[in-house]
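Side-chain atoms are counted along with the backbone in the values below, which use heavy atoms only and exclude waters and symmetry mates. Count residues from 1 along the sequence.
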Amino acid sequence: MAYSIRDPLVTLLRTVIRRANDIRVALGAVIIVAAMATALGVWVFTILAEEVREGDTQQFDEAVLRYLHSFHVPWLDPVMLEITGLGNATTVMVMVGVAALFLWLTRHRYSAALLVIATLGGFLITLILKGTYDRPRPHVVEWGTQVVTSSFPSGHAASAAVVYLTIAYLAARLQRRSWARWFTMSLAILLVLLIAFSRLMLGVHYPSDVAAGMALGLAWAAFCMAMLEAIQRLILRGEAPGAERDERPAPELDNGDR
């Protein structure tokens, strides 16, 4: 029988593909997407942080704030204050407490723990980075609210991204209709963008601040989401099947039931 080096190579290739497919199924698409989002968020934040440290964004940042302020009208500040209040520490902690309590009572205890850890971790990371970069607040236009911490990255943008995206993700896992899942996530994204925009309209952050805050929040939230999916699929399934069933996403309805 003729022997060809091609035969073992083909066998090896098929084995690698099969193993890769097994890993993909075991980890799940959510983990892969979350890992990619984490990498993207970290990359964007790193680029922005380097540009800010070197002062390369300053001219652009100031120009944007002046342009936005040219549309300022007296009634806009109260609206922006209401929107920015949704990203205040007190507000998000209350929302996290209510959401975590609901998840705990409905036996989604790992999800509740994830939400609390994601929120507290996001606050801590942002605080550390603010102290590290210590960027002064902009004094380009008159402020619409009082602030005391440093400017980079935006804590409101970061905490909004962490809290609202994580809550939306956990809520979407409980929904059985795909359109409802997409609507929930889209609403959270819109809310994060509005909170970030309010910081610019109030003149208390540069555009690079809020962009970095959102990138940081996305990276941390996506990392926590990946951890929950990994714990469910790789640990709970074998060690705590009851908890794995509780944490499992709701199955989608058939087309006829939608």
Side-chain angles (χ1 to χ4, degrees), residues 34-72 76-77 80-81 83-89 91-92 118-166 188-226:
M36 294 174 61
T38 301
L40 176 63
V42 171
W43 179 75
V44 171
F45 177 85
T46 302
I47 294 297
L48 285 171
E50 185 65 24
E51 294 293 317
V52 167
R53 190 186 290 276
E54 295 177 357
D56 294 338
T57 67
Q58 194 67 30
Q59 185 175 357
F60 172 80
D61 283 337
E62 293 181 359
V64 171
L65 287 183
R66 290 192 181 96
Y67 176 76
L68 292 177
H69 191 69
S70 67
F71 297 97
H72 183 269
L76 194 58
D77 279 351
M80 291 297 104
L81 284 172
I83 294 175
T84 207
L86 297 174
N88 289 342
T91 303
V92 297
T119 303
L120 296 179
F123 280 137
L124 180 60
I125 292 172
T126 303
L127 185 63
I128 292 174
L129 290 173
K130 277 181 174 289
T132 299
Y133 291 96
D134 197 24
R135 187 186 195 184
R137 292 279 180 168
H139 290 280
V140 180
V141 298
E142 184 179 355
W143 291 354
T145 185
Q146 292 300 313
V147 288
V148 293
T149 59
S150 55
S151 191
F152 183 90
S154 168
H156 275 69
S159 63
V162 171
V163 171
Y164 290 114
L165 291 181
T166 304
I189 293 172
L190 176 61
L191 186 55
V192 172
L193 292 175
L194 285 174
I195 292 172
F197 181 70
S198 72
R199 305 305 285 171
L200 299 178
M201 293 303 296
L202 292 171
V204 294
H205 273 297
Y206 294 110
S208 55
D209 296 337
V210 298
M214 287 189 293
L216 178 65
L218 170 65
W220 177 243
F223 175 79
C224 292
M225 295 174 195

Would you give the length of the straight line joining atom [atom1] of [X] to atom [atom2] of [Y], rounded to the nearest 0.5 angstrom?
X: T132; Y: F152; atom1: OG1; atom2: CZ; value: 10.5 Å
X: I195; Y: I83; atom1: CD1; atom2: CD1; value: 8.5 Å
X: E54; Y: E51; atom1: CD; atom2: CD; value: 6.0 Å
X: L48; Y: L216; atom1: CG; atom2: CG; value: 11.0 Å
X: L86; Y: L81; atom1: CG; atom2: CG; value: 11.5 Å
X: M201; Y: T84; atom1: CE; atom2: OG1; value: 12.0 Å

Does some side-chain heavy atom of [Y] sit less than 4.5 Å from a side-chain heavy atom of [X]?
X: F45; Y: L129; value: yes
X: R135; Y: S208; value: yes
X: Y206; Y: R137; value: no
X: M225; Y: L165; value: yes
X: P207; Y: L200; value: yes
X: H205; Y: S151; value: yes
X: S150; Y: Y133; value: no
X: D77; Y: H72; value: yes

Practice problem: Please determine which of N88, D209, T126 meets the side-chain hydrogen bond (donor to acceptor under 3.5 Å, both in side chains) test together with H156. | Solution: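 Testing each of N88, D209, T126 against H156, the sole residue satisfying side-chain hydrogen bond (donor to acceptor under 3.5 Å, both in side chains) is N88.
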May I ask you to decide if [Y]'s main-chain N or O and [X]'s side chain share a donor-acceptor pair within less than 3.5 Å?
X: K130; Y: T149; answer: no
X: S70; Y: Y67; answer: yes
X: S159; Y: G155; answer: yes

If I compare all heavy atoms of [X] with all of [Y], which pair ends up nearest, and what's the gap?
X: T166; Y: A118; value: OG1-CB, 4.3 Å
X: V192; Y: A157; value: CG1-O, 4.5 Å
X: P138; Y: G203; value: CG-O, 3.5 Å

Quiz item: What orientation do F223 and W220 show, parallel under 30°, tilted 30 to 60°, or perpendicular over 60°?
Solution: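 Because their plane-to-plane angle is under 30°, the rings of F223 and W220 count as parallel.
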Quiz item: Are I189 and Y164 close enough, and set up right, to give a side chain to side chain contact (heavy atoms under 4.5 Å, CB included), and what steps lead you there?
Solution: CA-CA 8 Å; I189 293 172; Y164 290 114; over 6 Å; no
Self-check item: Derivation and outcome, side chain to side chain contact (heavy atoms under 4.5 Å, CB included), residues L193 and M214
Solution: CA-CA 8 Å; L193 292 175; M214 287 189 293; 3.9 Å; yes
